[in-house]
Amino acid sequence: LRRAPLSGSSSPAAPIRDGFTDPPTMRKLAELPGGHISDIRFSPSNPNILYLASNVNAMGLWKSADAGETWRRIYYDENFGGTHMNTVAIHPSKPEQVFAVDVHGRISKGAHGEFRQVKDYQIALFGLAISAADPRLLYAGSEEGKLYRSTDEGETWTQVTDLGDPIGAIAIDHDTVYVGTRAQGLYVSPDRGKRWTNDFPNAEVLRIAVGADRVFLATPLGLYRRIAVGPFEQVHGIHSHAVAIAASNPQVVYLGTYDD
């Protein structure tokens, strides 16, 4: 994990390499029963609350209420031999309300540890996002490339479009929707899915971060950035798997890389 100070931020104390500070010392917070952590999210309204998704061994959805010091599993469905969770989305103002998608194609919704399945598409779902500006609005993306939308906080879902390529990343900025695919790049809709353009073609987009008039894409080719409506430019050439803009300071960007 790397931290990148952009223009307007103070100079970092850590050494700078390729424009990014070297990562701080890490310590183990908890040890789950093995497996793969597929997603981890902070609550936008309470930074002490985190949710973690796992789709192997430690399967299900886990929660920490003390900034990651301790964890407890809050959702696990034995009917499927476990709950292979892929992605989590948290309500922007209700830290206890959480949504998740899994490899079985189910969309789940819960609060205070009580979960229910609101939709089952029976095909793996990987992409999931909730709008910070309008939390009634959510999008989910499937392995087949179908994009689904809910306008009532996840209660009902309809198909918006079929991009024909697996969807792995989704971001929402008011009415604009960003969708990253496995091979066809980034699709952008300025009107909640009515019209689409392919703004970054022929690439795998693993994660999308949007904020402060900027869009960041984490791809195997590196980290790319767009400012306002300009073109995407590469700002880091290393294989990038995750990117996030700090909620406390939009001038700070975090980048997760593959092996460096």
Side-chain angles (χ1 to χ4, degrees), residues 1 23-121 124-130 132 135 138-143 150 153-154 167-171 206-209 218 241-248 254-257:
L1 184 68
T25 301
M26 307 293 285
R27 66 183 178 92
K28 182 183 290 186
L29 292 175
E31 188 163 345
L32 304 182
H36 173 252
I37 295 174
S38 51
D39 196 17
I40 185 167
R41 303 281 175 170
F42 281 88
S43 164
S45 58
N46 185 341
N48 286 321
I49 295 180
L50 294 85
Y51 293 92
L52 179 153
S54 175
N55 56 22
V56 180
N57 292 342
M59 294 179 292
L61 192 63
W62 298 70
K63 178 184 176 182
S64 172
D66 54 10
E69 293 292 337
T70 60
W71 294 85
R72 64 184 179 92
R73 184 156 55 186
I74 60 173
Y75 184 41
Y76 181 82
D77 188 350
E78 295 181 351
N79 294 328
F80 283 79
T83 307
H84 303 75
M85 287 296 184
N86 283 330
T87 312
V88 182
I90 307 169
H91 193 285
S93 60
K94 302 175 184 177
E96 295 295 337
Q97 185 166 307
V98 62
F99 305 84
V101 295
D102 62 37
V103 299
H104 307 289
R106 299 170 299 177
I107 303 173
S108 300
K109 177 181 179 180
H112 303 285
E114 297 293 328
F115 279 82
R116 58 190 173 91
Q117 296 168 22
V118 293
K119 190 66 177 179
D120 186 357
Y121 283 108
L125 299 170
F126 293 96
L128 180 66
I130 185 171
L138 293 95
Y139 290 86
S142 79
E143 190 175 37
S150 172
E153 289 195 17
I167 295 171
I170 304 173
L206 298 168
R207 286 290 188 272
I208 307 166
H241 266 224
V243 62
I245 299 173
S248 59
Y254 294 89
L255 173 66
T257 64

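Because only heavy atoms are used, hydrogens play no part in the values below, and waters and symmetry mates are left out as well, while side chains stay in. These figures come from a predicted structure and were not determined experimentally.
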Report summary line: Of all heavy-atom pairs linking Ile40 and Leu50, the shortest is CD1-CD2, 4.0 Å

Requested in this report: Compare all side-chain heavy atoms of His104 with those of Gln117 and state whether any distance is below 4.5 angstrom.
Outcome: no

Report task. Indicate the atoms forming the closest heavy-atom contact of Arg207 with Ser38, along with that distance. Result -> NH2-O, 3.8 Å

Report task. Identify the heavy atoms of Glu143 and Phe126 that sit nearest to each other, and give their distance. Result -> CB-CE1, 4.1 Å

**Report entry** Under 3.5 Å: donor-acceptor pair, side chain of Thr87, backbone of Val101
**Finding:** no

Report summary line: Between Arg41 and the options Ile49, Leu52, Val88, the side-chain contact (heavy atoms from CB on, under 4.5 Å) test singles out Val88

Query raised in the report: Do the side chain of Lys63 and the main chain of Gly113 share a donor and acceptor less than 3.5 angstrom apart?
Result: no

Query - Inter-residue atom distance Ser108.OG - Lys119.NZ, 0.5 Å rounding - result: 13.5 Å

Requested in this report: Provide the closest heavy-atom pair for Ala242 versus Ala218 in the form atom of the first, atom of the second, distance.
Outcome: N-CB, 3.8 Å

Query raised in the report: Step by step, would you call His91 with Glu96 a side-chain contact (heavy atoms from CB on, under 4.5 Å)?
Result: CA-CA 8 Å; His91 193 285; Glu96 295 295 337; over 6 Å; no

Query - Side-chain heavy atoms of Tyr51 within contact of Ile74, under 4.5 Å - result: yes

**Report entry** Interatomic distance, Met85 atom CE to Arg106 atom CZ [nearest 0.5 angstrom]
**Finding:** 7.0 Å

Query raised in the report: Would Ile107 and Tyr121 count as a side-chain contact (heavy atoms from CB on, under 4.5 Å) if you check the C-alpha gap in whole Å, the side-chain angles of each, and the deciding distance to 0.1 Å?
Result: CA-CA 8 Å; Ile107 303 173; Tyr121 283 108; 4.0 Å; yes

Requested in this report: Over 60° means perpendicular and under 30° means parallel, so classify the ring planes of Phe115 and Tyr75, tilted if in between.
Outcome: parallel

Query raised in the report: Looking at Ala89 and Ile130, what are the two nearest heavy atoms and their distance?
Result: CB-CG2, 4.1 Å

Query raised in the report: Any idea which heavy atoms bring Ala209 and Ala244 closest together, and the distance?
Result: CB-CA, 4.1 Å

Report task. Say whether, by atom type as modelled, one donor and one acceptor occur between the side chain of Asn86 and the main chain of Asn55 under 3.5 angstrom. Result -> no

Query - Tyr76 side, atom OH; Leu61 side, atom CG - distance, nearest 0.5 Å - result: 13.5 Å

